[in-house]
Amino acid sequence: EVTYTTLIDGYMKGGDIEEAFKLKDEMVVRGIHPNVFTYNTLIRGICKVGKAQEANMLLTEMMEMGLRPDCITYTSVIEGHCKEGNMVEAFRLVDEMVKRNIMPSVVTYSVIINWLCKAGDMEQANEVFKKMVERGLVPNIVAYTTLINGHCRQGNTEEAFRLFDEMVKRRIVPDAFTYDSLIHGLCKAGKMQDAKKLFKEMLARHLLPGYFTYSALIYGHCKAEEMDEADKVFKEMLAKRLIPN
RNA sequence: AUAAGAAGU
């Protein structure tokens with residue numbers, strides 16, 4: 001099963017859905033039974049190409065085969081529906097998994113929060129974050145950064161920094177993703193002084209600024225019509241051997 | 001062997 005599943009994952013990652021499903025049929029013919037890993041891999045691949053409804057069918061099929069879906073199975077199907085904008089189905093699946101005694105994880109909630117943020121629905125995103133904590137789950141750096149990024153994109157840097165402070169208080173060490181989100185939020189809001197300050201803080205923490213960081217700063221300086229500053233950042237980026245795209 | 005987060009239009 002491991003060999004086949006690894007191959008299936010490889011084809012799925014390469015976007016060759018057909019070949020992946022052919023392999024699944026082939027393993028069945030050979031009397032090798034697809035297990036939960038196999039189904040999870042198939043579900044993730046089918047969701048990647050926007051066929052969440054087929055993921056539901058695979059979920060049903062695996063249960064008919066006597067397999068018990070796990071948290072990863074549900075999380076993958078849930079993200080498939082989120083991607084298609086079907087939050088109603090995503091929430092229905094959360095209920096369904098809880099009813100089956102499969103507990104949503106921090107990843108499950110983070111996926112939902114991420115897509116609510118993408119849709120600009122910060123109210124719901126905050127609520128889901130709250131619910132996650134109420135359920136006794138401890139938000140990690142990804143969960144925090146996801147929500148922080150959402151607020152930054154909406155221009156609410158205040159709420160973003162409130163979460164940032166809360167996260168630091170809980171001894172979660174922010175990473176480059178966290179800083180990039182905040183720097184971008186500040187740049188978008190035209191708060192270039194604060195953005196520069198945060199950039200220095202990032203360096204002080206020995207985090208490496210990358211394309212995302214520099215792009216955000218250049219974007220901010222251009223937006224603020226500070227072209228010499230933008231050029232300074234651009235030259236600094238080149239000096240760090242980052243090749244502009 | 002399987003799930004989540006960062007830039008421009």
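To find a chain, count down the sequence lines: A is the first, B the second, and so on, and within it residues start at 1. Computed from a predicted structure; not experimentally measured.
- Between the side chains of A/Asp70 and A/Thr73, at least one donor N or O lies within less than 3.5 Å of an accepting N or O.
- Residue contacts for A/Tyr219: at a heavy-atom cut-off of 4.0 Å it reaches the sugar-phosphate backbone alone, with no base atom in range.
- Using a 4.0 Å heavy-atom distance criterion, A/Asp175 is classed as a base contact.
- For RNA chain B, the outermost nucleotides in 5' to 3' order that have an atom under 4.0 Å from a heavy atom of chain A are B/rA1 to B/rG8.
- Residue A/Thr5 is in base contact, counting any heavy-atom pair closer than 4.0 Å across all strands shown.
- Identified under the ring pair (Phe, Tyr, Trp, His ring centres under 6.0 Å) test for residues 171-208 of chain A, with sequence neighbours left out: A/Phe164-A/Tyr179, A/His184-A/Tyr219, A/Phe199-A/Tyr214.
- Within residues 235-245 of chain A, the residues that have a heavy atom under 4.0 Å from RNA chain B are, in order of number, A/Asn245.
- Within 6.0 Å of atom NZ in A/Lys223, more than 12 heavy atoms from other residues, nucleotides or ligands are found, so the atom counts as buried in its surroundings.
- A donor-acceptor pair shorter than 3.5 Å cannot be found between the side chains of A/Thr178 and A/Ser181.
- Residue A/Val2 is in base contact, counting any heavy-atom pair closer than 4.0 Å across all strands shown.
- A donor-acceptor contact closer than 3.5 angstrom links the side chains of A/Asn35 and A/Thr38.
- Among the atoms of the strands shown, none is found under 4.0 Å from any heavy atom of A/Thr38.
- If you check the side chains of A/Glu89 and A/Asn56, you find a donor sitting under 3.5 Å from an acceptor.
- Partners of A/Asn101 according to the side chain to side chain contact (heavy atoms under 4.5 Å, CB included) rule, which considers only residues two or more places apart in sequence or in another chain, are A/Arg68, A/Met103.
- Across all strands shown, A/Thr145 has heavy atoms under 4.0 Å from base atoms, whether or not it also approaches the sugar-phosphate.
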| said: Checking A/Glu166 against A/Arg170 for the salt bridge (Lys or Arg N to Asp or Glu O under 4.0 Å) test, could you report, in this order, the C-alpha distance in whole Å, the side-chain angles of both residues, the deciding distance, and whether it holds? | reply: CA-CA 6 Å; A/Glu166 180 182 300; A/Arg170 294 192 181 170; 3.8 Å; yes
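- In this structure A/Arg100 satisfies the salt bridge (Lys or Arg N to Asp or Glu O under 4.0 Å) test together with A/Glu96, sequence neighbours excluded.
- In this structure, A/Ser215 reaches the bases: a heavy-atom distance under 4.0 Å links it to at least one base atom across the strands shown.
- Considering A/Thr5, A/Leu59, A/Leu67, A/Ile8 as possible partners of A/Tyr39, the one that fulfils the side-chain contact (heavy atoms from CB on, under 4.5 Å) test is A/Leu67.
- Within 4.0 Å of A/Thr3, counting heavy atoms only, lies no atom of the nucleic acid at all.
- Taking the six-membered ring for Trp and the full ring otherwise, the centers of A/Tyr11 and A/Phe21 sit at least 6.0 Å from each other.
- Across all strands shown, A/Ile141 has heavy atoms under 4.0 Å from base atoms, whether or not it also approaches the sugar-phosphate.
- Residues from residues 7-30 of chain A placing a heavy atom under 4.0 Å of any atom in RNA chain B, listed by number, are A/Asp9.
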